[in-house]
Amino acid sequence: MSWFSTVEMAPADPILGLTEKFKADTNPDKANLGVGVYQDANGKLPLLPSVAEAERRVASVPQPKPYLPIDGLPAYNQAVKELVFGAGSPVIERVATVQALGGTGALRVGAEFLKSVVPGAKVLLSDPSWENHRALFTAAGYEVESYRYYDAAARDIDFAGMVEDLRSAERGTIVVLHACCHNPTGYDLDDEQWGQVIEAVKERELVAFIDMAYQGFAEGLDEDGRVVRRFADAGLQFVCSTSFSKSFALYGERDGALSIVCADADEAKRVLSQLKPVVRTLYSNPPTHGARLVATVLGDPELRAQWETELGEMRDRIKEMRAALVEGLQAAGITDDVSFITDQVGMFSYSGLTKDQMVRLREEFAVYGTDKGRICVAALNPNNIAHVAKAIAAVW
Ligand code: PMP
């Protein structure tokens with residue numbers, strides 16, 4: 001008898017499972033709009049020239065691969081702080097930052113740490129949210145609920161519902177907020193709405209956990225970081241996970257970070273000391289290579305400027321594809337208002353299509369999006385957009 005004979009097959013990850021099906025599809029017009037990965041105009045995952053140059057520089061001086069400190073590469077953490085909070089910001093001295101295994105790793109380290117700070121707290125996620133948020137916080141032992149966010153009928157944010165839900169949350173509830181490029185809907189709050197969220201978090205004494213996986217993809221690095229900076233300026237203590245997976249196209253290097261904004265520098269020191277045992281017992285210390293690449297780019301003014309240009313090109317290409325999709329849908333005969341596609345920001349569009357329509361898209365047209373109707377506009381390009389627009393129009 002095997003110890004494992006009664007282990008059942010787990011359901012495939014909803015998004016990665018789609019990629020498996022996509023790979024097996026023989027339709028020459030197939031398009032994978034499921035996974036959240038930016039592709040260039042040729043449908044390829046880019047290697048950013050700034051990153052390629054950093055690779056050359058790192059390789060030109062062969063270095064040993066020591067264990068990094070538990071909290072990561074110091075130059076990397078400093079670069080993260082400056083990018084997220086603004087270079088020279090007085091907030092930085094009261095932030096505890098640890099390098100993490102992508103945004104996902106940062107979320108998990110934050111979740112583990114918060115268990116000792118707000119024991120028994122519930123987690124509130126936007127409805128809907130990134131699929132892995134619920135699974136991750138549940139796996140970390142939390143009871144997970146949601147606050148209203150997307151109003152399908154209005155194709156907009158149910159902001160009144162969101163604020164009402166935040167205002168009725170118990171003190172100490174952890175509220176996960178998307179800083180920009182909300183995944184999966186593509187709808188972000190405006191400045192005035194963020195102000196109201198900050199008020200609610202403050203008055204109800206909630207623990208904000210800001211997830212910023214797409215800094216630079218909505219309007220720009222500083223513009224997208226604004227939300228995090230406003231929370232800090234409001235005098236709040238909160239948690240922020242960030243990721244360079246998308247902004248550097250370094251998906252596989254697992255370059256992320258967790259930053260905890262504290263009341264003062266002394267508190268930040270104590271918090272950092274408590275993050276270390278969390279990291280130590282999960283994976284001991286983070287990997288070297290990806291952190292060296294990011295620190296190289298961000299530490300060199302020329303390379304950094306080049307990277308910002310390349311990030312801007314990714315952002316602009318996505319916007320062009322949004323506009324082209326609207327045009328394509330109209331050309332394919334759709335007379336409904338589809339301007340929501342250009343109103344949304346970031347890598348995704350919540351198309352409003354039902355599960356049945358998404359299944360038809362897949363089975364009849366080999367266009368792969370998630371069953372909830374999310375499509376990755378960052379995977380559209382001049383070669384696949386006409387087919388995708390026609391397919392969507394056919395199931396509309
Ligand atoms: N948060 C959100 C909202 C995301 O969309 C993602 C990536 N899809 C992550 C976190 C995780 O980022 P990473 O891939 O760096 O782990």
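Numbering of ligands and ligand atoms starts at 1, following listing order. Values below: every heavy atom of this structure, side chains too, minus hydrogens, waters and symmetry copies. Computed from a predicted structure; not experimentally measured.
The closest approach between His182 and ligand 1 stays at or above 4.0 Å for every heavy atom of the residue.
Considering only non-hydrogen protein atoms, atom 7 (C) of ligand 1 sits nearest to Lys246 NZ, 3.3 Å. Of the protein's non-hydrogen atoms, Thr104 OG1, 2.5 Å is the one closest to atom 16 (O) of ligand 1. Nearest protein heavy-atom contact of atom 14 (O) of ligand 1 is Ser245 OG, 3.5 Å.
Centroid-to-centroid, the aromatic rings of Tyr76 and Phe244 come within less than 6.0 Å.
With hydrogens and angles ignored, the 3.5 Å screen pairs a side-chain donor or acceptor of Tyr149 with a backbone N or O of Tyr187.
Within the hydrophobic cluster formed by Ile, Leu, Val, Met, Phe, Trp and Tyr side chains joined at under 4.5 Å, directly or through other members, Tyr368 is accompanied by Leu18, Phe22.
Residue contact check: Gly102 has heavy atoms under 4.0 Å from atoms 15 (O), 16 (O) of ligand 1. Residue Ser243 approaches ligand 1 through these ligand atoms, each under 4.0 Å from one of its heavy atoms: 12 (O), 13 (P), 15 (O). Of all atoms in ligand 1, listed by their number and element, those nearer than 4.0 Å to a heavy atom of Arg254 are 13 (P), 14 (O), 15 (O), 16 (O).
Contact annotation: for Tyr214 versus ligand 1, heavy atoms closer than 4.0 Å belong to the side chain alone. Contacts of Asp211 with ligand 1, taken as heavy-atom pairs under 4.0 Å, involve the side chain alone.
At a threshold of 4.0 Å, the pair Asp266-Arg270 counts as salt-bridged, since one of the basic side-chain nitrogens sits closer than that to a carboxylate oxygen. Between Glu219 and Arg315, none of the side-chain N atoms (NZ, or NE/NH1/NH2) sits under 4.0 Å from a carboxylate O, so this pair counts as no salt bridge. Under 4.0 Å is where a charged nitrogen must lie from a carboxylate oxygen, and between Glu131 and Arg134 no such pair does. With respect to Arg322 and Asp343, no salt bridge is recorded, no charged nitrogen being found less than 4.0 Å from a carboxylate O.
Under the side-chain hydrogen bond (donor to acceptor under 3.5 Å, both in side chains) criterion, the residue pairs touching residues 80-89 are Gln78-Glu82, with sequence neighbours excluded.
In terms of N/O distances under 3.5 Å, ligand 1 is approached by Asn183. Taking distance alone, with nitrogen or oxygen atoms compared against 3.5 Å, Gly103 approaches ligand 1 more closely than that limit.
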